[in-house]
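Heads up, the thing below is written out as structure tokens.
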Amino acid sequence: MDAYDLITQNAAEVVTEDEVRSLAEDPDGKRAYVGYEPSGVLHIGHMLTANKLIELQEAGFEVVVLLADVHAYLNGKGTFEEIRETADRMREQFVAYGLDESNTEFVLGSEFQLDEEYTLDLHALELETNLSRAERAMAEIQSGDTATVAQAVYPLMQALDIVYLDVDLAIGGMEQRKVHMLARDTLPSIDEEAPTCLHTPLIADLSTGVGKMSSSAGVSISMEDSEEELREKVNKAFCPPSRDPEPADDGADRDNPVLQIFEYHIFPRFCDVVVERPEQYGGNLTYDDYESLAADLDSGELHPADAKGALADYLNELVAPGREKIREQRS
RNA sequence: CCGCUCUUAGCUCAGCCUGGUAGAGCAGCCGACUGUAGAUCGGCAUGUCCCCCGUUCAAUUCGGGGAGAGCGGACCA
């Protein structure tokens, strides 16, 4: 696989393709980053962007993980003390998940975001940005239902982080795209380059297939889930025998979250996927890529119940080291 | 600072005017049907009615005070 394909594999979008192509010409030493608000436990959304970081490392990129303590604070996630504590735990969980510790730069936001120069640049960006634009950028990220001034500043800091961390490629889930577009629009006004961005898809809500899986409300998969919990959550997931489910009764688009997890989480990390299946249904199946598994589910060759069993097995394997780490952290 | 509106089930809200400790939809849980889930059908549950004081035999409901949230307070019309 060439560098461009590896970089863009499983991406929902890339801004812009040309910019990524030119990065792909010589990826060695190029820098990519993701920022995360520290939270106590990694969930499946964190793991999705982490997969991309792992692939970028394979492609030769230097990877920066911003543990965005100041952002979390601005977004009302707690006191600095609480947030910093979870930042530490989060770093350890990322390493347990598979980010190469010696090859990943973990940076705490407060290490540079409180410097005078940064602050003045931030004010310059504030001057260039109206409130409604900032609010729109935050719509899918903000906690609480009405935006605070802190939350208006938040996306501007993300823009500036890209400059200060000297990043060539900004990574984020699709919920980050408006922030990144704001960064592309605004940074040139302070004589900085518009960043190149790559956005990962969002996994659909596990129980309905509509919208995105919620980490706050509803069912989500996280690193602290026991094998039994994983099995139960996967088993309860919406999974028609189709890769392209019919819209819901209210017309809302639906995806197949079980397939999505295979595509974005399992196949990127495992060469072969073995679906154990009772003899009466035809015995075990082995897949070496997502396409063939999805095609079999779609055709009826692979029953959703068997796919779910396999999904729980592999998810459990992915989560196990992190779960062990969390157990340690709590003891 | 001033004014208006809101606060009842996990969520969105009804009820309060005309006091007798509460309802709907959605979500949830259980069961049936499917070798998964969903859909469908059947069943089940849930509440410091924001807090305090007062009136009353009795307050979610009336009165007073307080808290939290939202919106508004130039000009023009």
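These numbers come from the heavy atoms of this one structure, side chains and all, not from hydrogens, waters or symmetry mates.
Taking atom CG on A:D145 and atom P on B:C11, their separation rounds to 12 Å, with Å as the unit. The nearest whole Å value for the distance from the CZ atom in A:R231 to the C1' atom in B:U36 is 13 Å. Whole-Å rounding puts the A:L297 CG to B:G35 P distance at 16 Å.
In the displayed structure, A:E101 atom CD is contacted under 6.0 Å by at most 12 heavy atoms of other residues, nucleotides or ligands. Around atom NZ of A:K77, more than 12 heavy atoms belonging to other residues, nucleotides or ligands sit under 6.0 Å away.
Here the separation of B:G72 from B:U56, taken at their P atoms, is 43 Å to the nearest Å. Across the C1' atoms, B:U55 and B:G65 are found 15 Å apart, a figure rounded to whole Å. Taking atom P in both B:C6 and B:C53, the straight-line distance is 25 Å, to the nearest Å. Separating the C1' atom of B:G15 from that of B:A24 is a span of 11 Å, rounded to the nearest Å. A gap of 42 Å separates the P atoms of B:G66 and B:A27, to the nearest Å. B:U60 sits 14 Å from B:C51 when the C1' atoms are compared, rounded to a whole Å. For the C1' atoms, the distance linking B:U48 with B:U36 amounts to 41 Å, nearest Å. Rounded to whole Å, the separation between the P atoms of B:G28 and B:G54 comes to 44 Å.
Checked by distance alone, A:D306 brings a side-chain donor or acceptor within 3.5 Å of a matching partner on the base of B:G35.
In this structure, B:A27 makes no Watson-Crick or G-U wobble pair, since no nucleotide meets both defining distances under 3.5 angstrom. Base pairing of B:G63: its partner is B:C53, meeting the Watson-Crick or G-U wobble criterion (both donor-acceptor distances under 3.5 Å). In this structure B:C75 sits in no base pair that meets the Watson-Crick or G-U test at under 3.5 Å. Using N1 to N3 plus N6-O4 or O6-N4 for Watson-Crick, or N1-O2 and O6-N3 for G-U wobble, each under 3.5 Å, B:A32 pairs with B:U40. Using Watson-Crick or G-U wobble geometry with both donor-acceptor distances under 3.5 Å, B:A14 finds no partner in any strand shown. Of the nucleotides present, none pairs with B:U46 by Watson-Crick or G-U wobble criteria with both distances under 3.5 Å. Both distances falling under 3.5 Å, in either a Watson-Crick or a G-U wobble arrangement, place B:G68 opposite B:C6.
Checked against a 6.0 Å centroid threshold, the rings of A:F80 and A:Y73 count as neighbours.
Considering A:H71, A:H43, A:H46 in turn, A:H46 is the only one that fulfils the ring-ring contact (aromatic ring centres under 6.0 Å, His included) rule with A:Y36. Among A:E224, A:Q329, A:K325, the single residue meeting the side-chain hydrogen bond (donor to acceptor under 3.5 Å, both in side chains) criterion with A:Q93 is A:Q329.
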Protein-nucleotides 37-43 of chain B N/O pairs under 3.5 Å:
residue	atom	partner	partner atom	Å
B:A37	O4'	A:A237	O	3.3
B:A37	O4'	A:K308	NZ	2.9
B:A37	O2'	A:K236	O	3.0
B:A37	O2'	A:A237	O	2.8
B:A37	O2'	A:F238	N	3.2
B:A37	N3	A:C239	N	3.2

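As judged by a 4.0 angstrom heavy-atom cut-off over every strand, A:T208 is placed among residues making no nucleic acid contact.
Residues A:Q151 and A:T146 share a closest heavy-atom pair of OE1-O, 3.7 Å.
Classified by interplanar angle (parallel below 30°, tilted 30° to 60°, perpendicular above 60°), the ring pair A:F262/A:F267 is tilted.
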Could you go through the salt bridge (charged side-chain N to carboxylate O under 4.0 Å, His left out) check for A:E25 and A:K30 one step at a time?
CA-CA 11 Å; A:E25 277 169 24; A:K30 293 289 193 304; over 6 Å; no
